There are 4 protein chains.
Amino acid sequence: MSAPARPRGRPKREDRAQAQRERILDAARRCFVEQGFHAASMAHIAETAGMSAGLIYRYFDSKNAIILAIIASQLEERRERIDSLRDIDQLGERVLELFHAWRHGDDSGMNAALFLEMSAEATRDAQIAAALAASDDEGSRQFTEWMRREATHRGLQPDDTELQARRLILQCFIEGLALRAVRQPGLDPAFIDAAIRRLLPRVFDYAG
Amino acid sequence: MSAPARPRGRPKREDRAQAQRERILDAARRCFVEQGFHAASMAHIAETAGMSAGLIYRYFDSKNAIILAIIASQLEERRERIDSLRDIDQLGERVLELFHAWRHGDDSGMNAALFLEMSAEATRDAQIAAALAASDDEGSRQFTEWMRREATHRGLQPDDTELQARRLILQCFIEGLALRAVRQPGLDPAFIDAAIRRLLPRVFDYAG
Amino acid sequence: MSAPARPRGRPKREDRAQAQRERILDAARRCFVEQGFHAASMAHIAETAGMSAGLIYRYFDSKNAIILAIIASQLEERRERIDSLRDIDQLGERVLELFHAWRHGDDSGMNAALFLEMSAEATRDAQIAAALAASDDEGSRQFTEWMRREATHRGLQPDDTELQARRLILQCFIEGLALRAVRQPGLDPAFIDAAIRRLLPRVFDYAG
Amino acid sequence: MSAPARPRGRPKREDRAQAQRERILDAARRCFVEQGFHAASMAHIAETAGMSAGLIYRYFDSKNAIILAIIASQLEERRERIDSLRDIDQLGERVLELFHAWRHGDDSGMNAALFLEMSAEATRDAQIAAALAASDDEGSRQFTEWMRREATHRGLQPDDTELQARRLILQCFIEGLALRAVRQPGLDPAFIDAAIRRLLPRVFDYAG
DNA sequence: AATGAATGAGCCTTCATTCAT
DNA sequence: TATGAATGAAGGCTCATTCAT
């Protein structure tokens with residue numbers, strides 16, 4: 001009864017450590033975005049985080065551990081993003097928002113270049129590959145569930161094959177937007193909006 | 001008979017130099033695919049190319065110059081790919097072929113991880129960004145032209161806005177497949193084929 | 001009854017400090033044996049001692065001070081070992097016991113590798129060199145005295161030159177056993193026992 | 001026929017590489033003697049060798065490889081020392097010479113502190129332990145053979161147990177001298193000579 | 001008295017690049 | 001043209017030591 005409480009008094013130790021970890025992750029994200037995983041040095045990350053290089057190693061075992069932590073945090077965000085997805089009308093907005101976040105980065109450090117690089121890195125790092133695969137699996141399941149609920153809500157009963165095809169199309173389209181965000185930073189969002197409005201009704205079989 | 005008949009009396013000098021450059025680029029492509037831009041060392045590239053590290057610098061100013069040259073060569077390939085695109089029925093096949101090449105690599109060293117990494121690199125390197133942007137522009141124009149010809153051939157006259165939306169959707173979908181190739185190397189091609197067969201008719205407004 | 005009766009009213013302060021010092025020295029000995037002087041980290045010593053790294057510095061000025069203290073404590077042990085040496089028949093047993101202690105370590109942390117390492121360190125550290133030299137001097141004197149008593153007891157009167165030669169031979173043999181303990185950890189003690197039984201009578205001129 | 005010759009012309013490549021390796025080993029030996037294995041930095045070794053730190057890695061895989069190479073070279077020397085051992089009268093001289101070399105170092109870098117430290121290191125490094133064990137085995141065999149020849153020459157036929165005991169006594173004595181060389185650098189060689197003259201006849205059962 | 005967060009110097013190693021041959 | 005030895009600048013990481021709490 002008294003254990004999980006401790007709201008008052010002193011959060012201290014644990015909390016501070018967590019704050020430091022966040023500080024490091026924030027700095028690392030910024031550096032990775034600017035320079036890439038390999039080009040960003042621990043010294044630069046430390047400087048960005050406003051601490052000594054050695055101190056980072058009290059909170060992370062290695063540079064690779066930082067990369068993995070960043071990946072984990074981004075996966076967490078994606079989970080929340082899908083979780084909070086309401087009806088189908090909101091989907092388009094959300095995709096557009098994602099494009100914005102990818103281009104400019106948001107508070108959470110979501111960024112398209114980082115997304116691409118970590119994906120490429122999966123080819124060479126088994127830990128990263130495993131983390132991404134696990135996350136993709138969960139994300140797919142989550143999104144498929146959402147699609148099913150949506151369809152039911154509209155009185156439809158699409159079979160699983162159908163749903164999986166829709167999911168793959170959407171997933172590729174959205175992830176393809178990450179590439180656009182990176183390679184065509186000046187791309188007009190209105191243009192993307194138009195494409196979304198054209199694509200979604202056709203994918204979900206309803207009159208746009 | 002004796003080779004493609006080099007214009008007589010012509011400087012064989014330049015040919016040799018060009019051959020050396022190709023040899024280096026081939027080796028570099030292979031190394032970059034295996035290890036990534038930054039992790040691949042000049043020594044390893046030289047070894048793969050069967051020459052000394054120093055010699056590479058007679059043909060390329062720096063490691064970065066090699067990266068740029070590889071990007072340029074890949075753009076060239078894309079041009080050819082679009083150029084040789086025939087009717088709309090072929091489009092699906094081609095996309096599937098591309099997915100295969102991305103996953104397993106083909107002779108030309110086309111590879112999804114490399115594609116992602118070079119895209120991410122554009123964020124940090126102006127030269128790369130410019131090269132990619134120029135190529136994307138050309139590719140878009142090329143593909144739009146192809147779509148227009150196709151439509152005309154089928155007795156339609158889609159307006160430009162329409163065509164651009166279609167192009168963006170397709171581009172994102174295809175480039176998104178690069179991410180799938182990298183993050184989900186075990187993905188069944190038949191599944192992708194199904195998605196393509198579902199997507200294309202809807203994008204191009206014809207009965208699949 | 002209540003412990004060895006600490007002089008009444010005396011500062012228990014100093015006792016506690018002494019206890020802490022011992023705790024640290026014990027831990028350090030263990031770590032040095034396992035990893036060597038330089039490879040053993042203060043953090044590891046602290047952990048082994050069950051205290052924080054910072055606290056060690058309240059009791060020792062530096063890592064080097066710990067090393068010196070350990071050396072001093074081992075010299076003290078040697079003094080006791082020679083002091084308690086009875087007749088010549090016991091000498092062989094004692095040497096064998098020493099070999100065992102060197103190989104497996106005993107409570108006091110006596111260990112051959114540590115012995116060798118501290119000897120080598122004397123080459124580079126004047127303080128260590130001085131401490132070892134002083135101790136060796138005392139040990140030699142002590143042992144020579146013991147030999148003289150022994151001889152007298154058996155009705156002999158060996159001259160000093162004679163005694164010094166014997167001492168040097170024995171000292172080298174015994175210290176050489178430290179090297180064997182380290183380089184040949186599987187060496188059969190019975191074999192060493194045989195060598196001892198052969199050597200001692202010849203060195204001390206009596207019928208084994 | 002022509003292969004192994006190549007005395008004239010250009011030794012070049014191979015020879016230069018070997019010379020560089022020697023240069024590095026010499027420098028490393030000096031540094032290790034001065035500062036110990038762990039305390040000696042690659043930078044310092046490089047400086048002593050008159051080259052850049054990076055270059056060392058063209059000739060040795062790691063710092064540890066240098067240590068192993070030094071050990072190997074010292075073992076080689078020992079082999080030659082035993083090989084060239086003639087009659088028993090020479091043995092005493094040789095032991096004394098060894099003591100000198102240990103104290104002052106000779107061309108080959110033989111040095112007692114280094115000998116002790118590498119022995120201690122065997123406790124923690126399996127590769128070193130294996131190298132030393134193999135060498136000790138060979139050395140013992142070699143020396144036992146020499147003793148047998150010697151005995152035969154003098155018309156004796158000691159059994160193997162006998163020879164092994166003698167060998168162990170001598171080995172310990174000699175290796176113990178290494179400790180003396182380190183801990184008592186001012187020790188008078190005449191004194192050691194006396195001990196040797198007293199020990200050898202007793203160990204080999206002849207009238208000194 | 002005790003903690004452990006924090007620092008900064010230094011370590012081993014790698015690598016793009018240059019240059020004498 | 002071609003080699004590969006050589007360099008020097010980092011890079012990731014460790015650790016003795018200090019200090020605020």
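This one's a predicted model, so the numbers in the text were calculated from it and none came from an experiment.
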Length of the [atom1]-[atom2] vector between [X] and [N], whole Å:
X     : N      : atom1 : atom2 : result
A:I56 : F:dT14 : CD1   : P     : 13 Å
C:E47 : E:dG4  : CD    : C1'   : 13 Å
C:K63 : F:dC15 : NZ    : C1'   : 8 Å
A:R16 : E:dG4  : CZ    : C1'   : 11 Å
A:I45 : F:dA10 : CD1   : P     : 17 Å
C:M51 : E:dA1  : CE    : P     : 12 Å

(message) Any strand counts, and the cut-off is 3.5 Å on both contacts for Watson-Crick or G-U wobble. Which nucleotide pairs with E:dA20?
(response) F:dT3
Between [options], which one does the side chain of [X] approach most closely?
X     : options                : result
B:R58 : F:dA6, E:dA2, F:dA2    : F:dA2
A:M42 : F:dT17, E:dC12, F:dC13 : F:dC13
C:Y57 : F:dT18, E:dA6, F:dT7   : F:dT18

(request) Report yes if at least one side-chain N or O of A:S52 is closer than 4.0 Å to OP1 or OP2 of E:dT7; otherwise report no. (result) yes
(message) Under 4.0 Å from OP1 or OP2 of F:dA2: is there any side-chain N or O of B:Y59 that close?
(response) yes
(request) Let me know, please, whether A:L55 or A:H38 comes out on the 5' side of the other along DNA chain F by nearest nucleotide. (result) A:H38
(request) On DNA chain F, check which nucleotide each of C:G54 and A:F37 is closest to and give me the residue with the more 5' one. (result) A:F37
(message) I want to confirm an ordering. Mapping C:A53 and D:D61 to their closest nucleotides on DNA chain E, which one lands closer to the 5' end?
(response) C:A53
(request) Could you identify which residues of residues 19-36 of chain C place a heavy atom less than 4.0 Å from some atom of DNA chain E, listed by residue number, or say none? (result) C:Q20
(request) Could you check whether B:S41 gets within reach of a base, just the sugar-phosphate, or nothing at all, counting any heavy atom under 4.0 Å? (result) sugar-phosphate
(request) Name the nucleic acid region contacted by C:A40, choosing base, sugar-phosphate or nothing; use a 4.0 angstrom heavy-atom cut-off, strictly under. (result)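 If one applies the 4.0 Å heavy-atom cut-off, C:A40 turns out to touch the sugar-phosphate alone, with no base involved.
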Strictly distance-based, threshold 3.5 Å: is any side-chain N or O of [X] a donor or acceptor partner for the main-chain N or O of [Y]?
X      : Y     : answer
A:K63  : A:A40 : yes
A:E117 : A:F37 : yes
C:R21  : C:Y59 : yes

(message) Do D:N111 and D:R29 have side chains that approach each other closer than 4.5 Å (heavy atoms only, starting at C-beta)?
(response)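 A side-chain contact under 4.5 Å is absent here.
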(request) Check whether any side-chain heavy atom of B:I67 sits under 4.5 Å from a side-chain heavy atom of B:E121, and report yes or no. (result) no
(request) For C:R23, check side-chain hydrogen bond (donor to acceptor under 3.5 Å, both in side chains) against everything at least two apart and list the hits. (result)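 Only C:Q20 meet the side-chain hydrogen bond (donor to acceptor under 3.5 Å, both in side chains) criterion with C:R23.
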(request) Hey, could you give me the OG/CE distance between D:S52 and D:M42, rounded to the nearest 0.5 Å? (result) 10.5 Å
